[in-house]
There are 2 protein chains.
Amino acid sequence: MNYHTVEKGESLMDNDNHKLARSTQLLRSFWSVQKNIVRFVQKIAVENGLSVPQYTILMTITLNKEMKMTQKKVGEQTFLPKSTLSHAVDGLAQEGFLSRQQVEGNRREMELTVTEKGKEFLKKMHLQDGGIHQLFQTAIDQLTDKQYEELLESHLLLSTYLESQTAGNGVK
Amino acid sequence: MNYHTVEKGESLMDNDNHKLARSTQLLRSFWSVQKNIVRFVQKIAVENGLSVPQYTILMTITLNKEMKMTQKKVGEQTFLPKSTLSHAVDGLAQEGFLSRQQVEGNRREMELTVTEKGKEFLKKMHLQDGGIHQLFQTAIDQLTDKQYEELLESHLLLSTYLESQTAGNGVK
DNA sequence: AATGAACTGTTCGGAAATGAACTATCATAC
DNA sequence: GTATGATAGTTCATTTCCGAACAGTTCATT
């Protein structure tokens, strides 16, 4: 991994330290928000009798407009290990929140669809008092519209980059 | 939880939907970055023979300038369950990365200090090729300085708010 | 100073998550 | 066609994590 051009009057060491400081700062910044989100998701999940992977899976499929997605795709998007995915999906299917059926034309893949019961459940969960959306809706009020837009924009830039990096290189 | 004033000409339903959409959008936005970070942290941790909680603990203490912190404080900042914390700290102490000693004047609390060996280890880990800092340093280049500053600012606003909310209300 | 309540951290049993081996299906080459 | 390798998902053994009960310490009240 090679370093970028160093500006005049700035030693390589200083530049490195500066970059290290910034990367630490950014990580810390994400972490301070993230720990709160994760904690909340965990709370919401267990309150509704789901494991965190299960909640993640439901959310992931739901985001996909169609409310259906192959198990493979869910794995790619969530990075959950195959075995975890399999168990979690199994539980969701038993609860009747998901239906599983083999993909037309490729019997290896499983098509996962959110059932009516699953949609009901999600709706109820999200509207519940103290739910994550209630929290986030008021959290957003902390930001101006402009700040909000720019936050999304920056996140997009970062996630696109991170995705491109980790896809290619060896993070199995 | 009560709703805010609805603007003229906008029905309550529309306003709710709009807010719900935004909260979903924001969650999704964070999630797209987070999943990459988490995945990386996990990789770095296991490559260096640490569990994720252990890595989290080391990072947390390190951020505290002094390189020392009570176990209680670490728990408050990381939200790790007490038992997990206890085990993880135990492992770190056995590795010789942390030293444990009772706090002067309150023998209930444990003061955790990063040892020289621990500092060495952290330094080596962070400079390693493909490490999280290398990744993040280049990720930052995706943003302009202004975008970077505003990202931090927005995160601070959000985390401060989330922290204040979850401290008071009943997320044990 | 004695009692009880609140707190910090540890221990332990059970639950959740994971890696590795496995089964079934599909794709390619011969 | 069938042999080989790749892919998607499941199963199982192991590890990791966490809630609850616990032990020791401190604080407040009497």
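Chain A is the first sequence line, chain B the second, and so forth, proteins listed ahead of strands; every chain is numbered from 1.
In this structure, B:Gln101 atom CD and D:dT25 atom P are separated by 17 Å, rounded to whole Å. As rounded to whole Å, 16 Å separates atom C1' of C:dG19 from atom CD of B:Glu47. Here the P atom of nucleotide D:dT10 and the CG atom of A:Leu80 are 14 Å apart, to the nearest Å. Following rounding to the nearest Å, B:Gln42 (CD) and C:dA17 (P) show an atom-to-atom distance of 12 Å. Atom C1' of nucleotide D:dG9 and atom CG of A:Leu98 are separated by 15 Å, given to the nearest angstrom.
Only at 4.0 angstrom or more do the heavy atoms of residues 53-61 of chain B sit from any atom of DNA chain C, so none qualifies.
In this structure B:His87 satisfies the ring-ring contact (aromatic ring centres under 6.0 Å, His included) test with no other residue, sequence neighbours excluded.
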Practice task
Check the pair A:Glu116, A:Lys119 against salt bridge (charged side-chain N to carboxylate O under 4.0 Å, His left out), reporting the backbone distance first and the verdict last.
Solution key: CA-CA 5 Å; A:Glu116 274 312 313; A:Lys119 289 180 194 171; 3.6 Å; yes

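A distance of 6.0 Å or more separates the ring centres of A:Phe40 and A:His133. Checked against the 6.0 Å centroid criterion, the rings of A:His126 and A:Phe136 do not qualify as a close aromatic pair.
Below 30°, between 30° and 60°, or above 60°: for B:His155 and A:Phe30 the angle between ring planes is above 60°, a perpendicular geometry.
Residues B:Phe121 and B:Met125 are in side-chain contact: their nearest non-hydrogen atoms beyond the backbone lie under 4.5 Å apart.
Pair assignment for C:dT23: D:dA8, on the basis of Watson-Crick or G-U wobble contacts that are both within less than 3.5 Å. Summarising the base pairing, D:dT30 is matched to C:dA1 through a Watson-Crick or G-U wobble pair whose two defining distances lie under 3.5 Å.
Using a 4.0 Å cut-off between charged nitrogen and carboxylate oxygen, B:Glu150 and B:Lys146 count as a salt-bridge pair. A:Arg22 has a carboxylate O that lies under 4.0 Å from a charged side-chain N of B:Asp145, or vice versa, which qualifies the two as a salt bridge.
Counting only N and O atoms by type, the side chains of B:Gln25 and A:Tyr148 include a donor and acceptor under 3.5 Å apart.
The phosphate of D:dT26 (OP1 or OP2) has a side-chain N or O of B:Arg107 nearer than 4.0 angstrom.
Sequence order on DNA chain C of the closest nucleotides to A:Gln102 and A:Pro81 puts A:Pro81 first from the 5' end.
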Handout entry: Annotated protein contacts, base or backbone, on nucleotides 6-13 of chain C with a non-hydrogen cut-off under 4.0 Å, one of B, S, - each
Key = BBBBBBB-

